[in-house]
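Some notes on the structure that comes next.
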There are 2 protein chains.
Amino acid sequence: MAAPESGATLESVALAAGVSRQTVSNVLNAPERVAPQTRQRVEEAIQALRYRPNRSARSLRTRMSNLLGYCVQPAAAGNLNPVLDRFVHAVTEAAAEHGFHVLLFTAPAGAAGLDRYAELLAQRAVDGFVLADTVVADPRPGWLTEQGVPFVAFGRSWSGPDRGLWVDVDGAAGMTEAVEHLHALGHRRIAFIGWPEGSGVGDDRVAGYTAACLRLDLDPWIVRAEGGPGTGRELAGRLLDAAEPPTALVCVSDESAYGALRALADRGLRPGEDVAVIGFDDTPAARLPGVDLTSLSQPIEQIGREVVQMLLGLLGVVELPPGPEHRLLRPALAVRASTRPAGPDPAAPTEAR
Amino acid sequence: MAAPESGATLESVALAAGVSRQTVSNVLNAPERVAPQTRQRVEEAIQALRYRPNRSARSLRTRMSNLLGYCVQPAAAGNLNPVLDRFVHAVTEAAAEHGFHVLLFTAPAGAAGLDRYAELLAQRAVDGFVLADTVVADPRPGWLTEQGVPFVAFGRSWSGPDRGLWVDVDGAAGMTEAVEHLHALGHRRIAFIGWPEGSGVGDDRVAGYTAACLRLDLDPWIVRAEGGPGTGRELAGRLLDAAEPPTALVCVSDESAYGALRALADRGLRPGEDVAVIGFDDTPAARLPGVDLTSLSQPIEQIGREVVQMLLGLLGVVELPPGPEHRLLRPALAVRASTRPAGPDPAAPTEAR
DNA sequence: ACGGTGCTTTTGATCGTTCAAAGTGGGATC
DNA sequence: GATCCCACTTTGAACGATCAAAAGCACCGT
């Protein structure tokens with residue numbers, strides 16, 4: 001069978017179609033300039049030879065690599081971040097719609113990693129960057145802005161003035177919704193299990209909780225993990241053993257929530273029936289049968305699309321969407337059994353005691 | 001301050017150092033050909049101008065993109081695969097050591113996705129592919145071999161003859177070790193919670209379990225999830241409610257094991273003390289306080305390194321390591337409380353019941 | 001007949017690098 | 001002193017695409 005003859009070039013296609021290089025190039029990049037009849041002939045030749053423009057040659061001439069840089073952080077032990085997984089996928093897919101791909105690289109955290117970004121830029125290996133996991137005092141947005149490098153971040157610049165474009169999840173709004181949901185179910189003693197102060201994401205979420213409590217005339221009741229994340233079980237345990245324990249637990253993450261569920265089980269309490277529990281992230285495990293954790297679901301796919309849209313806008317590939325330089329998207333509350341008393345008719349909403 | 005002058009080229013460096021293009025090129029690619037004195041002068045000019053070779057130009061000339069293609073599968077709902085995360089990171093890091101980067105792309109599963117691979121090849125966008133998540137009757141290894149495309153897979157070709165190079169985890173050996181570990185602890189009724197037949201990975205793992213049982217003169221006792229993965233709780237429940245329930249549960253994945261732990265909690269049974277539980281993957285959650293699941297840990301970082309090593313070998317970048325065309329690495333059993341009775345002296349092995 | 005206009009196509013130059021081959025100059029060889 | 005060799009350096013020609021500008025051609029009005 002006719003092999004693809006992997007050596008097709010503009011020149012060879014032009015020869016086959018009886019036109020010049022540039023005409024073939026125009027068929028691909030500016031078809032309206034080519035007479036319909038010629039165009040068809042060229043397109044047939046392209047098909048026949050399975051021609052695809054060489055990316056390196058195109059990049060060299062146009063000074064665009066059609067690659068977006070994305071840094072994969074060293075996976076810290078015990079750092080399960082199921083969200084970034086989905087984000088990378090969404091970005092990759094959105095980029096593909098415009099002929100772009102994602103280039104992965106690694107870099108140490110903080111200012112030490114900026115070299116890698118600089119290296120890729122100097123090599124003209126990427127056209128811009130997608131940032132994720134921005135942290136407080138992250139040096140990247142400021143540095144990239146100074147260098148005039150196109151980038152869009154998933155996550156605010158948590159300290160100092162906003163630098164560059166970003167898309168983020170409104171964790172505060174999500175937590176407010178969680179509290180309101182619990183309040184509507186009749187809960188009045190709602191505690192919050194959080195991270196230590198100082199993390200942008202964590203502080204944002206606790207702020208939403210506090211605001212909702214004040215508005216609903218509830219007393220905020222906040223406990224924080226001292227020894228880092230992952231100690232939800234202990235914290236929840238202490239809460240549940242209090243003289244007047246909370247009837248509902250709002251957790252800064254699903255991970256904390258799983259710990260809280262564990263603490264409930266330790267005491268023979270049943271989630272949803274005895275104590276309500278809400279997490280954040282809507283991790284896959286939350287919807288497993290037997291877990292059924294109510295959780296706030298981040299619109300990761302949409303964030304990925306918007307980040308790419310903005311970045312390609314900066315690059316002049318698509319029209320830059322009008323509007324503000326950042327977008328704050330609301331997470332959605334996925335209500336499951338952990339905030340809904342089980343019963344013979346699980347579909348019916350139940351008024352709490 | 002002196003801006004990096006992002007426009008440095010071979011020519012401008014040559015001018016600055018008072019030599020020709022090619023000499024600068026040689027300093028970078030074949031330093032031994034250049035007189036030490038000249039070399040130093042050129043290196044200083046490179047430093048001063050912050051010169052980095054343009055990747056597109058180099059790729060165009062050498063016909064090597066220095067990019068490895070990696071397909072991110074559409075994240076199926078409820079498909080938590082914390083392992084691939086780490087794998088991608090390991091591959092990215094190993095590739096960086098040789099000046100390579102990872103190019104991400106998406107493709108539909110099965111034969112329909114081959115087009116995307118072909119597209120990238122025709123564009124000369126990548127030099128080869130890293131495959132992950134190989135499944136039974138995966139069309140990719142065969143197709144890539146036919147096309148003469150360099151690739152290495154993480155995962156065997158589960159059906160038909162082996163095509164191409166691969167690195168994989170010896171799931172069978174891991175499960176055998178798990179059974180032996182339980183046997184040494186005194187367990188004699190050891191059940192296996194598995195996936196439906198037909199998945200390469202699942203069948204491999206159950207085979208290791210069965211082999212160990214036969215060798216140790218135990219009766220294999222296998223139950224499988226009918227409705228796909230994630231129903232470990234139900235399966236374990238049925239086992240525990242049997243007239244003569246097993247004293248230990250070996251699970252095909254951590255996900256199943258978490259379900260099993262849940263089933264234990266439902267019945268007031270304590271993992272490690274009443275019933276032993278072992279998972280597979282050593283997911284981050286396994287080592288959370290309060291979970292403490294014994295699990296088989298895959299040497300993902302090593303696999304990533306080896307995959308890259310082999311692929312760069314195929315590409316002629318490094319010397320192809322001698323030896324067989326595939327490597328099978330043993331997972332390590334991380335022993336935690338779920339197979340170890342709690343007590344004042346957790347180090348002492350306990351005879352069962 | 002002439003030049004202008006608009007549409008279509010072609011030509012030469014260029015992007016920044018490496019390959020292949022040719023050019024230096026000094027010292028040893030005959 | 002001519003020859004050869006060796007170590008080092010330079011020169012021209014690609015790689016495959018796009019940009020910018022020129023050229024061909026049909027049609028129109030004067």
Side-chain angles (χ1 to χ4, degrees), chain A residues 5-43 45-46 49-67 99 120-125 127 316-317, chain B residues 5-43 45-46 49-67 99 120-125 127 316-317:
Chain A
E5 289 301 340
S6 130
T9 86
L10 262 194
E11 199 76 51
S12 67
V13 173
L15 195 68
V19 294
S20 70
R21 272 180 331 216
Q22 187 61 36
T23 300
V24 181
S25 176
N26 284 338
V27 168
L28 293 170
N29 302 317
E32 73 282 0
R33 283 196 212 154
V34 182
Q37 187 177 331
T38 315
R39 180 155 74 214
Q40 197 192 333
R41 200 149 33 94
V42 171
E43 273 163 354
I46 289 177
L49 296 174
R50 295 213 194 322
Y51 169 73
R52 294 279 176 259
N54 180 308
R55 259 184 133 94
S56 304
R58 175 177 275 181
S59 296
L60 176 58
R61 191 58 176 98
T62 62
R63 302 169 156 283
M64 285 229 109
S65 65
N66 285 28
L67 291 175
L120 289 169
L121 288 168
Q123 297 178 143
R124 292 193 165 280
D127 297 329
V317 175
Chain B
E5 288 300 340
S6 131
T9 83
L10 263 193
E11 199 77 52
S12 67
V13 173
L15 195 66
V19 295
S20 72
R21 270 179 331 212
Q22 188 61 37
T23 299
V24 181
S25 177
N26 284 339
V27 168
L28 294 170
N29 302 317
E32 74 281 0
R33 283 196 213 153
V34 181
Q37 187 177 330
T38 315
R39 180 156 73 213
Q40 197 192 332
R41 197 149 34 91
V42 171
E43 273 163 354
I46 288 177
L49 296 173
R50 295 214 195 323
Y51 169 74
R52 294 278 176 258
N54 180 308
R55 258 184 132 95
S56 304
R58 175 175 275 183
S59 297
L60 176 59
R61 192 58 177 101
T62 62
R63 301 169 158 281
M64 284 229 111
S65 64
N66 283 29
L67 290 175
L120 289 169
L121 289 168
Q123 297 178 143
R124 294 193 165 281
D127 296 329
V317 175

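Quick note on labels: first sequence line is chain A, next is B, and so on, each numbered from 1.
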Taking for each residue the nucleotide of DNA chain D bearing the nearest heavy atom, is the 5' side occupied by B:R39 or by A:Q22? B:R39
Quick one: is A:R58 getting a side-chain N or O under 4.0 Å of the D:dT18 phosphate, OP1 or OP2? yes
5' precedence on DNA chain D between B:R41 and A:R61 (nearest-nucleotide basis): B:R41
Between A:T9 and D:dG16, does any side-chain N or O lie under 4.0 Å from OP1 or OP2? no
Would you confirm whether A:R39, through its side chain, and A:P31, through its main-chain N or O, come within 3.5 Å as a donor-acceptor pair? yes
Under 4.0 Å between any heavy atoms, over every strand shown, what does A:T62 touch: base, sugar-phosphate, or nothing? Just pick one. sugar-phosphate
Give the rounded distance in Å between these two atoms: CZ of A:R33 and P of D:dG24. 20 Å
It should be established whether B:N26 places a side-chain nitrogen or oxygen under 4.0 Å from OP1 or OP2 of nucleotide D:dT9. no
From the candidates C:dT9, D:dT10, D:dC8, the one with an atom nearest any side-chain atom of B:V19 is D:dT10
What about A:R21: does its side chain form a donor-acceptor pair under 3.5 Å with the base of C:dG12? yes
Atom CD of A:Q37 with >12 non-hydrogen neighbours under 6.0 angstrom: no
Can any side-chain N or O of A:S12 pair as donor or acceptor with the backbone N or O of A:A8 at less than 3.5 Å? no
Closer than 3.5 angstrom, by distance alone: can the side chain of B:S25 be matched with the main-chain N or O of B:R21 as a donor-acceptor pair? no
D:dA7 P sits how many Å from B:Q37 CD, rounded? 18 Å
Just to confirm, is there a sub-4.0 Å distance from OP1 or OP2 of C:dC15 to any side-chain nitrogen or oxygen of B:N54? no
Respond yes when some side-chain nitrogen or oxygen of B:S59 is under 4.0 Å from OP1 or OP2 of D:dC15, and no when none is. no
Atom CD of B:E11 and atom C1' of D:dT11 are separated, to the nearest Å, by 12 Å
How many whole angstroms separate atom CD of A:E32 from atom P of C:dG6? 17 Å
Taking only N and O in the side chain of B:R63, is any of them less than 4.0 Å away from OP1 or OP2 of D:dG16? yes
Whole Å only: how far is the CZ atom of B:R55 from the C1' atom of D:dA17? 20 Å
C:dT10, OP1 or OP2 - any side-chain N/O from A:S20 closer than 4.0 Å? yes
Against the side chain of B:A35, the closest entry in C:dG16, D:dT18, D:dT9 is D:dT9
Using modelled atom types only, decide if a donor and an acceptor are shared between the side chain of B:S65 and the backbone of B:A125 within a distance under 3.5 Å. yes
Whole angstrom value for the distance that separates P of C:dT9 from CG of A:L28: 14 Å
Taking CG from B:L60 and C1' from D:dG16, how many angstroms apart are they, rounded to a whole number? 5 Å
Whole angstrom is fine here: how far is it from CD in A:Q123 over to C1' in C:dT17? 13 Å
Any side-chain N or O of B:T38 below 4.0 angstrom from OP1/OP2 of D:dT9? yes
Contact between A:D127 and A:V317 at the side-chain level, heavy atoms closer than 4.5 Å - yes or no? no
